[in-house]
Amino acid sequence: MSTRAEKERLELLQGTLDLLILRTLIFGPHHGQGIARAIQQTSEHELLVEHGALYPALQRLEDRGWISAKWGISSNNRKARFYSLTAAGRKQLVKQTAKWKRLSLAIGRILDARTTEG
Amino acid sequence: MFRRKRKLSDFNAEIEAHLRLEVERLQEQGLSANDARAAAHRAFGNVALVQERFYESGRWLPWDQFWQDIRYGLRLLRRSPGFTAVAVITLALGIGANTAVFSLIYGLAFRNLPVPHPQQLVRFGAHVGEDSFVALSLPMFEGLARSQKVFSSVFAWSGDGVYNIEVGGSISRADIWAVTGNFQSELGAIPEMGRLISDNDVDLRAPSATQVAVLDYNFWQRRYGGALDTLGKTIKIEGLPFTIIGVLRKGSSGINAEAPPEITVPLTAQPLLDSHLHIVSEANIQESLQRPDALWLEAAGRLRPGISLELARAQLDSLWPAIRDALAPASQSPAVRARFLSLHLKIESGAKGASFLRNRFTQPLYVLWGIAALVLLVACVNLASLMLARAASRGHELRVRIALGASRARLVGQMLTESVMLSLAGMLGGLAFAYWGSRALSRLIVREIYIVPAEVRVTPDLRIVAFAASAAILTGVLFGLVPAWRSTKEDPNSALQESSRALARKTGKLGGGLIVAQVALSLILLVGAGLFTRTLQKLRSVDPGFRTRGMLNARLSAKPGGYHHVDFAAYYRQLAERVSSLPRVSSAAIVHMQPGGTNSWTEEVRVKEANASPVRVDFDMMMPGAFRTMGISLLRGRDFTWQDDEHGPHVAIVSRSFAEQFFPDKDPIGQRIEITSHPKWQTVQVIGVAADASLYDIRRHAPPTIYTSLTQYGPDWSGWSEIIVQTEVPASAMRNAIQEAVESFGHDFVFRLETIPEGMERSILRERVIAILSDFFGALGLLLAAIGLYGLMAYNVTRRTREIGIRMALGAQRGTVQWMVLRETLILALLGMAIGVPSAIAASRFVASMLYGVTPSDSTVLASVSIVFLTVTLMAGFLPAYRATCVDPMVALRCE
């Protein structure tokens, strides 16, 4: 993803970016630029993804059949390629989200633990 | 490969769309157009990197690179058509020559017979000592066939018999094989029409023979025009009628690797044919067939599954002594009996079939292959230096590519692809050249050895193509690797700064080294060519001991039925007189075996009273007066006379070397000699000593020879004699007259008429072939070396233009400058010669057995080759040297 030296931005793992993209698409088809903006805004500018990194991820998801793509016209009359979630992608989203929630819960427990003795 | 369906252009369009959207959004937020664009790109990241990653993720890189290299290489080659043409032609010649020789060697020595399961075939037969011909008598064959357990089937044949046939009224000769009933079926023959010879046709116990015949396909096409009603027709063999019962399918092979039988008849017909010719006096088939000591059958068997050759050999060897001893003739002289009992079996694989040519030509062909390989090596070195020069001119481009991150392996790979492509293109031309060349060579060899249609199977099959392809790839790598490695060597940073001059100088050193190698290799080729040519010269100038100029040789062949009641002594006397009285004929005589041809005749003899074992010596039968016609002088004693006939004591004349070997301190006249090879021969008494003559092999000087009198041996030996005619008239003019004279007696017709020198040329076919081809290859090598020298010198001059300009501007004479350039050429050539000459001498030791009259370090050859080389070198170097001095100093000084 980000190869910049900006340490303040949170660096996301590859699989996580996939998850975010899938989640963003749950509300309907978006084009690449729209997805990037959505991630930025919804995370309240905590997550700044390099737009370029999005496209290889999108291609990967498309290759796996979790999203489908089609050229269309954007809201301001520009040509853009729109991505939408497939049924398989929807299933993946549920699976990955559950996994992520379990992971973050487990990590949270460890970080909040006071002492090791119970 | 592995390309996903989405194109790069589509991806790029999407990215462009993204950027446009982003720019618009930022503009909406209030940024100026330029700021928006900058911010959008910043937010995106490295566009090129993303595109690259997309491109790479869908592909397998090495495959892509491979195709890229091929396209790039093609472009480069198209841009320099001259170089490409020269390279492809050179490679085609080099690879083609190697493939041609390989096809021949493969066809002669390695190819299996085109029959089902050739590796099951095992040939066996009896022989004495180092006789190469192995055969059995019929009782021996039957004895072995009965007791053996290792073969699923055994069959036998009497082959390579050339007899007179009459088709549609015209008489000619054909190759006729007499076979057992299962011969054709065991060798996988399939009839095109009719049927094959079967067991019913070959009843070995019947008193008469079934006279049927099966024709070979090509024979049928040639003599019967492929007529569909040939079955049932009669063909006369030696005047006897045979019914045609079948025609073989095209491509059916016998057991001879080169010549399938033209006509196949049952085994029982063989004595019939021979007796009709009065070769065998008995007309009784059974008596002929069952003779225990007549070795006329060749035999083979098919191994049972799971039985190996060694097992078969062991079993047959254990069965043999009992069979042989039971058949030993009791009534013969002890010497003959002892010889019979010393017969032992030779058992070998029959997968490759029988071949006349294999033994004679395998070694020369290997030598030729070595020569062809050397030529290819010279071509490789030549091309390597050319590639080096090309790489040097691309030097700047290569440095830049390295600086931009190309790996060395990648660049070397690209240059290798180019050279391998050249090689493969050369291979295509080479295959065509090889096919044509191998067939021409095969025809040349076969035509002079076989009198019936034969050929070496050189049709390209997968192995030959694979050989050519691997030779091509190896060649490409060989001449591409070193230049590629060298030119990508330097550290790009320093290389970019270095002037092209210093760069070129380093390349020049390697180039010089390559030239030295080329000179050395070409020298080896030339020395080889010189040695072989000189061998041929020496062979041609050998004095064989008999007269060769103005001598004709007419081979007689019996007319069918022509030998009924012939008094041979009278017949020959009259025939000789008739021919010698023809106009412009000085003399004529009849002998049995042609002197100076490709045949030979030897018998085993021993001195009667001595206790020595028999020795094999050259043998011939002469008519009285033949010595005079042949120009062999009689040193002692007397010639044969017409009074030495069948009723008198058998006499013989020996050669001087014979007398020296067998009677070193005695007078040979009056001594008695026993001829032990065959019971027909009686003991002979020496009546004269003749001067030495090499009747059969001019490579052997003064072999011990013994002559017997033609008049003393009856029908058994008197067919197929030769008339030697001494006349200044050429053969073509004498042909009719001699033919008429012979046919007027009604016993023989003239089978072949040639001059004695023509026959002797045939006997040195091997040396001729090698000399011609090594000359060709030597010239080719020399040409390549000259081109290489010229190329390098031209290149050197170009890169030293500035230096030459300075020298001339400072007042150097043209001659000095020319000498300076020429000197470089000479140094390289001399260096090459210094390496090449000792290597050539060393290499020649390997072929010493094929030389005659020259040693590997023959000074004439070495001297002349060196002179030729130096001359060519000077010529090759002169032109660039001359051009160097035509340079305008002002132009030279300005150029870089």
Side-chain angles (χ1 to χ4, degrees), chain A residues 1-6 8-9 11-12 14 17-18 21 24-25 29-41 43 45-84, chain B residues 1-65 67-68 404-405 407:
Chain A
M1 268 182 47
S2 167
T3 54
R4 298 242 193 101
E6 286 168 319
E8 310 92 78
R9 317 279 187 222
E11 288 163 347
L12 292 177
Q14 198 183 60
L17 181 58
D18 291 355
I21 293 173
T24 311
L25 288 177
H30 283 271
H31 50 66
Q33 193 255 353
I35 297 177
R37 205 163 21 107
I39 292 180
Q40 230 167 286
Q41 285 179 341
S43 72
H45 297 274
E46 280 282 0
L47 296 176
L48 279 178
V49 178
E50 227 180 36
H51 296 180
L54 217 48
Y55 284 94
L58 284 168
Q59 188 62 54
R60 223 172 27 245
L61 290 173
E62 190 185 341
D63 285 342
R64 288 203 197 124
W66 296 344
I67 60 179
S68 63
K70 209 167 67 168
W71 281 94
I73 309 288
S74 73
S75 47
N76 52 351
N77 226 4
R78 295 275 175 232
K79 241 186 102 166
R81 201 161 182 253
F82 285 84
Y83 295 91
S84 33
Chain B
M1 199 158 111
F2 307 146
R3 201 169 310 174
R4 70 163 71 85
K5 286 165 283 222
R6 192 175 177 200
K7 286 191 134 95
L8 179 61
S9 50
D10 188 83
F11 186 79
N12 291 343
E14 185 180 2
I15 295 191
E16 246 174 82
H18 173 112
L19 287 170
R20 226 179 305 138
L21 285 169
E22 186 70 7
V23 167
E24 280 185 3
R25 183 179 73 90
L26 289 172
Q27 278 185 310
E28 273 167 33
Q29 290 183 353
L31 274 76
S32 72
N34 286 335
D35 289 341
R37 234 189 315 266
H41 274 90
R42 247 199 327 266
F44 193 90
N46 188 338
V47 175
L49 200 59
V50 171
Q51 285 173 332
E52 229 178 73
R53 284 225 317 235
F54 170 79
Y55 183 76
E56 284 179 4
S57 67
R59 315 168 83 84
W60 183 47
L61 226 45
W63 181 254
D64 252 10
Q65 285 171 352
W67 281 109
Q68 222 176 29
L404 283 179
S407 72

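All figures in this text were calculated on a predicted structure; none of them were measured in a lab. Convention: sequence-line order gives letters A, B, ...; per-chain numbering from 1.
- For the pair B/Arg53 and A/Pro56, the tightest heavy-atom approach, listed with the atom from each and the gap, is NH2-CG, 3.5 Å.
- Between B/His18 and A/Ala36 the shortest heavy-atom distance is CE1-CB, 4.5 Å.
- Atom CG of A/Asn77 is separated from atom CD of B/Glu24 by 10.0 Å, given to the nearest 0.5 angstrom.
- Using a 4.5 Å cut-off between heavy atoms, B/Asp10 contacts chain A through both its backbone and its side chain.
- Within 6.0 Å of the CH2 atom in B/Trp67, the count of heavy atoms belonging to other residues, nucleotides or ligands does not exceed 12.
- Annotation: the span from A/Arg78 atom CZ to B/Glu16 atom CD amounts to 12.5 Å, rounded to 0.5 Å.
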Evaluate the criterion side-chain contact (heavy atoms from CB on, under 4.5 Å) for residue pair B/Leu19 and A/His51; output intermediate values, then yes/no. CA-CA 9 Å; B/Leu19 287 170; A/His51 296 180; over 6 Å; no
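- What you find for A/Ala80 and B/Ala17 is that their closest heavy atoms are CA-CB, 4.3 Å.
- Across every non-hydrogen atom of B/Val50 and A/Gly52, the tightest pair is CG2-O, 3.5 Å.
- Rounding to the nearest 0.5 Å gives a distance of 10.5 Å between NE2 of A/His31 and CD of B/Glu14.
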